[in-house]
Engineer: 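Here it is: the structure, laid out below.
Numbers here simply count residues along the sequence, with the first being 1.
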Amino acid sequence: MSDTSYSAMLHSLSKEYYQNHIGFEDYRIQRKIILDKIDEEFNGRKLHDEPAEELEQSSLSMDTIAFFKGTDIEG
């Protein structure tokens, strides 16, 4: 599928949500499906294809960033 098709799908979905045709949870579920398809097509992998070690490392990095966020580090 082309990037313009995905763009149109996301635009349509956001319009439906904005006009209150669908609820927030339905919007998030449908958006995740579209974004996962984009990720799979353009990056060549699915989310569950990542090894557990990479996911743990990413989580650890984000925990560290969250811990230090808002503190000044002077060198």
Engineer: Hey, what do you get for CD (Gln30) to CD (Glu25), rounding to the nearest 0.5 Å?
Structural biologist: 11.5 Å
Engineer: Is there a path of hydrophobic side-chain contacts, each under 4.5 Å between heavy atoms of I, L, V, M, F, W or Y residues, that connects Met9 with Ile29?
Structural biologist: no
Engineer: Okay, side chain of Ser12, backbone of Ala8: is any donor-acceptor separation there less than 3.5 Å?
Structural biologist: no
Engineer: From Ile22 CD1 over to Arg28 CZ, what is the distance, rounded to the nearest 0.5 angstrom?
Structural biologist: 12.5 Å
Engineer: Could you give the distance from CD1 (Ile33) to CG (Asp36), rounded to the nearest 0.5 Å?
Structural biologist: 8.0 Å
Engineer: Looking only at heavy atoms, what is the nearest atom pair of Leu13 and Arg31, with distance?
Structural biologist: CD2-N, 3.4 Å
Engineer: Could you label the plane-to-plane angle of the Tyr17 and Phe24 rings as parallel, tilted or perpendicular, counting under 30° as parallel and over 60° as perpendicular?
Structural biologist: tilted
Engineer: Please name the pair of heavy atoms, one in Tyr6 and one in Glu41, separated by the smallest distance, quoted to 0.1 Å.
Structural biologist: OH-OE1, 2.8 Å
Engineer: Look up atom CD1 in Ile34 and atom OG in Ser5, then write down how far apart they are to the nearest 0.5 Å.
Structural biologist: 11.0 Å
